Amino acid sequence: ANINLAMVSYYFGSKEKLLEAIFSYRGEAIKLKLERIVDQKGMSSLEKVYMLVDHYIDKILTRQCFHKILSREQVLNNTGPIAGLILEMKMRNQEIISRLIKEGQDSGEFKPGIDISMMMATMVGTATNLITSKQYYKELNGLQHLTEEELQDHIREKLSKHLKHLFKILLTNEA
């Protein structure tokens, strides 16, 4: 990152403490955004889910380096402060999204029995996998002619449409 390691030590104490600060900061920002989406007035619960999908896609697309680190930490490290921060972030996010699903169920918009953990794993996993392996997606779909920006726009559009369709089927009685 072309930064002075002494400055990292001065401000954060260590590289690990810097990583903890990044996870804490990102976790709080995500929580606030999710709460704003869930608390929107004048929108159906499904519209809020659609906003949620677009938010996650945009977040993963615009912060690819962070999400690669997040993925790596989840695979390589399941103990310690970073693992604790990741678990805390996931629990908070799931709790907020559970409120949204319950709101939709209470209004009759969503059917009962939604597995929110699997829903979140589907959304985050699908988006993360597609974005981190986008070069394979590009080759498999004959999109070599697209610039990086065009590919990002293509993925954003396709992924959004796919996940929204999937969640409409999962959450409602419509197909």
Side-chain angles (χ1 to χ4, degrees), residues 1-40 48-101 115-140 146-160 162-164 166-167:
N2 287 331
I3 60 171
N4 183 326
L5 286 179
M7 296 307 287
V8 170
S9 294
Y10 178 78
Y11 285 105
F12 297 99
S14 67
K15 290 185 288 184
E16 291 75 20
K17 293 290 185 188
L18 170 61
L19 196 55
E20 287 177 36
I22 291 168
F23 274 93
S24 293
Y25 175 79
R26 291 277 185 236
E28 186 62 24
I30 292 164
K31 180 189 102 163
L32 293 173
K33 178 64 177 181
L34 294 181
E35 287 175 339
R36 280 194 299 271
I37 290 171
V38 171
D39 293 337
Q40 286 279 339
K48 292 177 185 180
V49 168
Y50 288 172
M51 281 184 71
L52 185 81
V53 166
D54 286 334
H55 167 67
Y56 268 93
I57 293 169
D58 189 55
K59 180 176 65 110
I60 294 169
L61 274 170
T62 58
R63 293 185 173 87
Q64 291 181 39
C65 289
F66 173 75
H67 286 280
K68 287 177 184 175
I69 293 168
L70 176 63
S71 294
R72 185 197 70 204
E73 287 296 317
Q74 291 177 98
V75 170
L76 297 178
N77 184 12
N78 60 3
T79 61
I82 300 295
L85 288 169
I86 292 170
L87 179 59
E88 182 182 312
M89 179 175 60
K90 287 176 176 279
M91 289 172 65
R92 270 195 330 242
N93 293 353
Q94 185 169 310
E95 182 182 305
I96 294 166
I97 292 165
S98 294
R99 286 191 350 239
L100 171 57
I101 300 305
D115 187 331
I116 296 166
S117 288
M118 289 305 293
M119 181 182 137
M120 293 303 301
T122 299
M123 179 169 55
V124 175
T126 301
T128 299
N129 181 272
L130 181 59
I131 291 164
T132 57
S133 63
K134 66 185 172 195
Q135 289 311 116
Y136 296 108
Y137 178 83
K138 186 176 186 177
E139 292 290 325
L140 289 168
L146 296 181
T147 65
E148 181 63 23
E149 185 177 322
E150 291 169 334
L151 180 62
Q152 298 262 102
D153 290 343
H154 172 84
I155 287 173
R156 180 180 278 116
E157 181 181 331
K158 294 281 280 194
L159 190 53
S160 176
H162 174 74
L163 288 172
K164 288 174 183 177
L166 188 64
F167 287 159

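The first residue in the sequence is number 1, and the count goes up from there. Worth saying up front: this structure is predicted, and the values here are computed from it rather than measured.
Under the 4.5 Å side-chain criterion, counting only non-hydrogen atoms from C-beta, I82 is not in contact with E16. Side-chain contact between N93 and Y56 is present, with at least one heavy-atom pair separated by less than 4.5 Å. Side-chain contact between R63 and R26: present, with at least one pair of heavy atoms (C-beta onward) separated by less than 4.5 Å. The shortest side-chain heavy-atom distance between M119 and T122 does not fall under the 4.5 Å cut-off. Side chains of H55 and K59 form a contact here, defined as non-hydrogen atoms less than 4.5 Å apart. Contact of the L70 side chain with the F23 side chain is registered, since non-hydrogen atoms from C-beta on lie closer than 4.5 Å.
Closest non-hydrogen pair, L52 versus M123, comes out as CD2-CE, 3.9 Å. The shortest heavy-atom contact between R99 and V38 is NH2-CG1, 3.9 Å. Between M89 and G27, the shortest heavy-atom distance links the atoms SD-CA, 3.7 Å. In plain terms, the two heavy atoms of F12 and K17 that are nearest each other are O-CB, 2.9 Å. In terms of heavy-atom proximity, S160 sits nearest to D54 at OG-OD1, 2.6 Å. Residues I60 and A127 approach most closely at CD1-CB, 3.7 Å, considering heavy atoms.
E88 has a carboxylate O that lies under 4.0 Å from a charged side-chain N of R92, or vice versa, which qualifies the two as a salt bridge.
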Could you go through the salt bridge (Lys or Arg N to Asp or Glu O under 4.0 Å) check for K134 and E148 one step at a time? CA-CA 10 Å; K134 66 185 172 195; E148 181 63 23; 2.5 Å; yes
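Between the CD atom of E95 and the CD1 atom of I97 there is a distance of 11.0 Å, given to the nearest 0.5 Å. Rounded to the nearest 0.5 Å, atoms CD (Q152) and CD1 (I57) are 12.0 Å apart.
Between the side chain of K48 and the backbone N or O of I37, no donor-acceptor pair lies under 3.5 Å.
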